[in-house]
Amino acid sequence: MEQTFVLIKPDAMQRKLAGTIISRLEKRGLKIVAMKMIHMDKTLAQRHYSIHKDKAFFNDLVEFITSSPIIAAVFEGEKAIEAVRQTMGATDSVKASPGSIRGDFGLDIQQNLVHGSDSEESAKKEISLFFAPNEIVG
């Protein structure tokens with residue numbers, strides 16, 4: 001079984017969409033094997049988004065993700081990475097398909113509700129940033 005990392009972002013938390021997002025992922029047949037609500041600090045945010053550190057939007061991204069509590073989770077299932085990304089929809093909510101999380105609820109490219117790992121390598125890195133091995137029930 002493949003594992004992937006999911007972040008339910010501040011905009012989803014503020015709009016009370018966390019349960020809807022979790023439900024959609026579970027309805028895809030994915031199993032929650034780890035979950036916690038945290039208020040991400042800037043150090044963790046900078047590590048999580050380090051791939052974007054040289055981009056113009058990096059500071060705005062860090063500011064946004066640290067603006068309120070978020071939910072970090074690990075989902076497991078067949079082709080979990082692909083299933084989560086398909087369920088989330090395109091990063092730009094305007095381009096996301098209807099029926100996807102972002103297509104149905106996203107407001108724009110930054111306030112797009114949810115983050116999901118884009119590869120097996122990213123999933124492993126992101127999971128290890130947020131969870132100790134003993135926090136994952138699998």
Side-chain angles (χ1 to χ4, degrees):
M1 285 293 169
E2 186 173 72
Q3 291 183 341
T4 192
F5 179 73
V6 172
L7 273 182
I8 299 175
K9 296 180 180 182
D11 54 324
M13 299 296 286
Q14 292 161 1
R15 294 175 57 203
K16 298 176 177 54
L17 292 170
T20 299
I21 292 167
I22 293 164
S23 176
R24 286 196 178 194
L25 293 170
E26 285 186 308
K27 286 177 182 174
R28 283 296 305 261
L30 299 168
K31 176 184 172 186
I32 300 167
V33 294
M35 182 178 290
K36 61 174 114 175
M37 187 166 85
I38 62 169
H39 199 135
M40 195 184 313
D41 63 29
K42 287 191 180 193
T43 302
L44 179 57
Q46 289 168 341
R47 287 177 65 204
H48 176 67
Y49 287 118
S50 64
I51 193 168
H52 301 300
K53 69 181 175 192
D54 295 326
K55 296 182 180 162
F57 60 84
F58 178 72
N59 289 331
D60 289 338
L61 191 57
V62 169
E63 191 69 30
F64 171 67
I65 204 69
T66 60
S67 66
S68 77
I70 52 100
I71 292 175
V74 180
F75 282 84
E76 182 177 87
E78 281 293 319
K79 298 184 180 182
I81 295 166
E82 184 179 343
V84 166
R85 295 194 61 81
Q86 184 181 70
T87 305
M88 289 187 318
T91 303
D92 185 346
S93 299
V94 174
K95 296 177 183 173
S97 300
S100 69
I101 292 166
R102 291 171 174 157
D104 290 351
F105 304 110
L107 300 177
D108 58 41
I109 198 161
Q110 184 180 24
Q111 294 191 25
N112 62 16
L113 308 167
V114 65
H115 162 85
S117 301
D118 62 3
S119 68
E120 195 172 325
E121 181 182 331
S122 293
K124 287 178 182 176
K125 178 185 169 227
E126 292 171 342
I127 290 167
S128 71
L129 274 175
F130 289 84
F131 295 95
N134 67 342
E135 294 179 300
I136 301 170
V137 181

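Reckoned from all heavy atoms, side chains included, excluding hydrogens, waters and symmetry mates.
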Colleague: Does Lys55 have more than 12 heavy atoms from other residues, nucleotides or ligands lying within 6.0 Å of its NZ?
Modeller: yes
Colleague: Would you say the side-chain atoms of Arg102 pair up with the backbone N or O of Leu113, donor to acceptor, closer than 3.5 Å?
Modeller: no
Colleague: Same hydrophobic cluster for Ile51 and Phe58, using side-chain heavy-atom links shorter than 4.5 Å among ILVMFWY?
Modeller: no
Colleague: To the nearest 0.5 angstrom, please state how far the CZ atom of Arg24 sits from the OG atom of Ser100.
Modeller: 7.5 Å
Colleague: What do the steps show when you test Glu121 against Lys125 for salt bridge (charged side-chain N to carboxylate O under 4.0 Å, His left out), and what is the final call?
Modeller: CA-CA 6 Å; Glu121 181 182 331; Lys125 178 185 169 227; over 6 Å; no
Colleague: Indicate yes or no for a side-chain donor-acceptor contact from Ser50 to the backbone of Arg47 under 3.5 Å, with no hydrogens or angles considered.
Modeller: yes
Colleague: So, the side chain of Glu76 versus the backbone of Lys31: is there a donor-acceptor pair under 3.5 Å, distance only?
Modeller: no
Colleague: Are Phe57 and Leu7 grouped together when hydrophobic residues (ILVMFWY) are joined by side-chain heavy atoms under 4.5 angstrom apart?
Modeller: yes
Colleague: When you measure from the side chain of Thr87 to the backbone of Ala83, do you find a donor-acceptor pair of N or O atoms at a distance under 3.5 Å?
Modeller: yes
Colleague: Between Arg15 and Leu107, is there a side-chain heavy-atom distance shorter than 4.5 Å?
Modeller: yes
Colleague: Can you find a heavy atom in the side chain of His48 that is under 4.5 Å from one in the side chain of Ile65?
Modeller: no
Colleague: Assess whether side chain to side chain contact (heavy atoms under 4.5 Å, CB included) is satisfied between Phe5 and Val84, documenting all intermediate values.
Modeller: CA-CA 9 Å; Phe5 179 73; Val84 166; over 6 Å; no
Colleague: Met1 versus Glu78: any side-chain heavy-atom pair under 4.5 Å?
Modeller: yes
Colleague: Which value, rounded to the nearest 0.5 Å, describes the distance between Ile71 atom CD1 and Ile21 atom CD1?
Modeller: 8.5 Å
Colleague: Surrounding CD of Glu82 (heavy atoms of other residues, nucleotides or ligands, distance under 6.0 Å), is the total greater than 12?
Modeller: no
Colleague: Tell me, please, whether Phe64 has Lys9 positioned over its six-membered ring: NZ or CZ under 6.0 Å from the ring centre and within 45 degrees of its axis?
Modeller: no
Colleague: Output the distance between atom CD1 (Ile81) and atom CD (Gln3), rounded to the nearest 0.5 Å.
Modeller: 10.0 Å
